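Heads up, the thing below is written out as structure tokens.
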Amino acid sequence: MIHAPTPATLVPPQRRRFTVAGVVQGVGFRPFVYRVASELGLSGFVGNDSASVFIEVQGTPTAVGEFGDRLLREAPPLAVISDMSWTELPAHHLQDNDFRIVSSRDEGNAPTPIPPDIAVCADCEAELFDPADRRYRHPFVTCTNCGPRFTIIRGLPYDRPKTTMADFGMCDRCSAEYHDPGDRRFHAQPIACPDCGPKLWFSGGDVRIDEVDAAFAAAQHALADGSIVGIKGIGGYHLACAPDNHRAVSALRQRKARHSKPFAVLVRDLEVARRYAEVSAADAAVLSSPARPVVLLRRRSDAPAAAAEVAPGNPLIGLMLPYSPIHHLLLAQVPGSQTAAPQAIVLTSANRSDEPICYTEDDAAKRMPKLADVVLDHNRPIHVPCDDSVVRVVSEGGEVRELPIRRSRGYVPLPVDLGRYGPPMLAVGGELKNTFCLSDGRRAYCSAHIGDMGTVATLKAFTHSVRQLCGMRGQPTRLAADLHPRYVTRNWAEHNAGDRPLDLIQHHHAHVVSLLAEHEMLGSPIIGVAFDGTGYGCDETVWGGEILRLGGDSHRFTRVGHLAEVPMAGGDVAVRNPWRMALATLWHARVPWTAEMAPVQAATAAELLLLRTQFASGRGCVPTSSMGRLFDAVASLLGVRQHIDYEGQAAIELEVLAASASDEAATIPLRMNVGGNGIMDPAPMVAAIVTALRDGADSAGLALAFHYAVAMAVSEVVCQVAGNTRIVGLTGGVFQNVLLLRTCRQLLEGAGFTVLTHRIVPPNDGGLALGQAAISTLTALERCDQDDAQSGRITGCA
Ligand SMILES: [Zn+2]
Ligand SMILES: [Zn+2]
Ligand SMILES: [Zn+2]
């Protein structure tokens, strides 16, 4: 039979140049392009420049068209394509049948996003435990689909010489894999094997063990023995100990100067996780995701006894699954070793209290001896420190969302698209849980978790991180900081701005705009409900229970509602002692203090006398509309907690108490008073709680009724002030409370609103910098229109 000539031989070839932007470097994108082009019989090439992946293909028009479709449809799992464009080119006459991967070009364009660090993939994990594989038990096994990225990249474009792997010359076998487009390790920059890769060792006292199996056996033995083991990981050093060893856990608390704040536990697998906590299918999916965050889960009542000491008094427990080959090896039986491998270990950042995580060799030499008894160390340098991320999982109506609590390893530095081009700028964030945000004008890169800015060490780490990121991304021409005159970050910005404009941004305004920015909805009118502990208000009082209206210009707001102010006596002392806020709230509600009340019992007679005088005279008191403080006050009244050891402790316990209430208990009616001025007054609710307690009401039921009362008040104020606005945002640290978040959402959606909540940056102050960056960008753009882009100022307050 004679075939007719195929159309391909009649139609002239077509040549097209594609430019693909987004997270497309370090994620196996070029091998993927190579494979698709080869399958379609196309010639041409693919390469990286600092801003994108560029591709030229030549072949039949059908194949070229199909190629473009498949790029979008079949991109590798870790790739995020933000933009793809193409132009037609004249076809080359000399048809070569080859498709090639060409070397990277540094063109000085806006650099491409750097991928985050990704947990060991299933293929690499299988190799790690396959005795026949040449990477059997190799602590640095990695491929194009997994492994460290952000923490080892020193510069762009992302190529091995610009990573901390530069000093490890590839052996012939690794090099062959690296250069073979058909191999899973094609252009995997951190590629390594036992012959050429980094080395791991165990050290303790005078002992140093360089052999891998012996080193792991020694570490396991030390853990079993109750020692604290330092472990160098992906984004820094961790401290580990046996979770069921009381002595070890309390020694760890002492060395870290961390009294009762919970520790995370690394568990071998989901089966072990289920022994410690209630793990839903949604939780399991997030635990196993490539980002491998710490997931806060409901602790099981029959969890191993140890779990209570790891998170004392805390009904939640943070669990995580192994994400580096070192974790996998540490939790697996070492062949021939007498010591049984642990199934779970406490794993916490190596630092004291809220200081930055220890990550360099020099720093480790100074700090680790005071923190760890022995260390499992290695010589692959960490360039950028990165703590573990923490999330909660919210599932409602069949939808599962991650609610970020700390956004760091596995997520950073994926950018948020601000959707418009402004000046490159630096937003320095807040004071607690600090992160900063650097934008190249359009894409906003949020930093990893830096910490609480109260120490010199944290400030140094902040300065270092800012310089590092600016070095890679370019210098900002504008700065933004919180309005609070005593924030270290604001002072830093004022000292470092030079002649660059500096915008001072109100705290809750930044919270609301961070929510708009992460939803790519800047410029959409919104009613923002911003509830947190503390934020400096435009009237110089302490805000924190705010309802703000933003119109089409997101860089302006009006305060349309707030929690009624109560007197806060003694600043920080009031924050650490919820009973003081309870007494303040009772005072505000004109409910007399009586001896049977939990907050009264927590105070001495002298303290009661002093507070009474202060509240009566107003001396030493600052009015506060903080919702976080109201949660503290109610937690105290219900006898949940009188003193806190870490931020949000009382509120977390109140939430969990409420979640344990039976449905009948929830019928106790509590209501806040909502005035026509948008002010939510807790007075009648507080009086009702006191009466209910006297009548012997169940505290869990009251805790639940309190959550409903707050949600009802929110819904009432929002309906009152919304006008034509149909979008409501829930933001601020108080909305880490999943019960409150869900109840508010239900009521507001029931009233016909679209509700935005956080999915990318945390609702707490860790998300503040993104909002600051967006507001400052919009302010700058407006000033440009007005030909007055020079000076920053307090922006937004109305
Ligand atoms: Zn892999
Ligand atoms: Zn090798
Ligand atoms: Zn805040």
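Small disclaimer: the values here were computed from a predicted structure and weren't measured. Just follow the structure's listing: the first ligand is 1, and inside any ligand the first atom is 1.
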Discussion item. Report the atom name of the nearest N/O/S atom of D765 relative to the Zn ion (ligand 3).
Written reply: OD1

Discussion item. Tell me the angle that SG of C143 and SG of C124 form around the Zn ion (ligand 1), rounded to 10°.
Written reply: 100°

Response to the item:
Checking distances from the Zn ion (ligand 3), one finds that the N, O or S atom of H511 closest to it is NE2

Discussion item. With carbon and hydrogen excluded and only N/O/S kept, which atom of D532 is nearest the Zn ion (ligand 3)?
Written reply: OD2

Worksheet item: To the nearest 10°, what's the angle at the Zn ion (ligand 1) between atoms SG (C121) and SG (C146)?
Response: 110°

Fill in: Where the Zn ion (ligand 2) is the vertex, angle from C174 SG to C193 SG to 10°
100°

Item to complete: Look at H507 and state whether any of its N, O or S atoms is less than 2.8 Å from the Zn ion (ligand 3).
Response: yes

Worksheet item: Is there a side-chain hydrogen bond (donor to acceptor under 3.5 Å, both in side chains) between D503 and H555 once you walk through the steps?
Response: CA-CA 11 Å; D503 291 310; H555 56 302; over 6 Å; no

Discussion item. Need one value: angle at the Zn ion (ligand 2), C196 atom SG versus C171 atom SG, rounded to 10 degrees.
Written reply: 120°

Worksheet item: To the nearest 0.5 Å, what is the distance between CD1 (I152) and CD1 (I382)?
Response: 10.5 Å

Worksheet item: Between Y323 and R409, is there a cation-pi geometry (under 6.0 Å to ring centre, at most 45° from the normal)?
Response: yes

Discussion item. When you compare the side chain of L550 with that of H509, does any pair of heavy atoms fall below 4.5 Å?
Written reply: yes

Fill in: Pair H378 and F140, ring centroids less than 6.0 Å apart
yes

Discussion item. Could you check whether any side-chain heavy atom of H511 comes within less than 4.5 Å of a side-chain heavy atom of F531, counting everything from C-beta outward?
Written reply: no

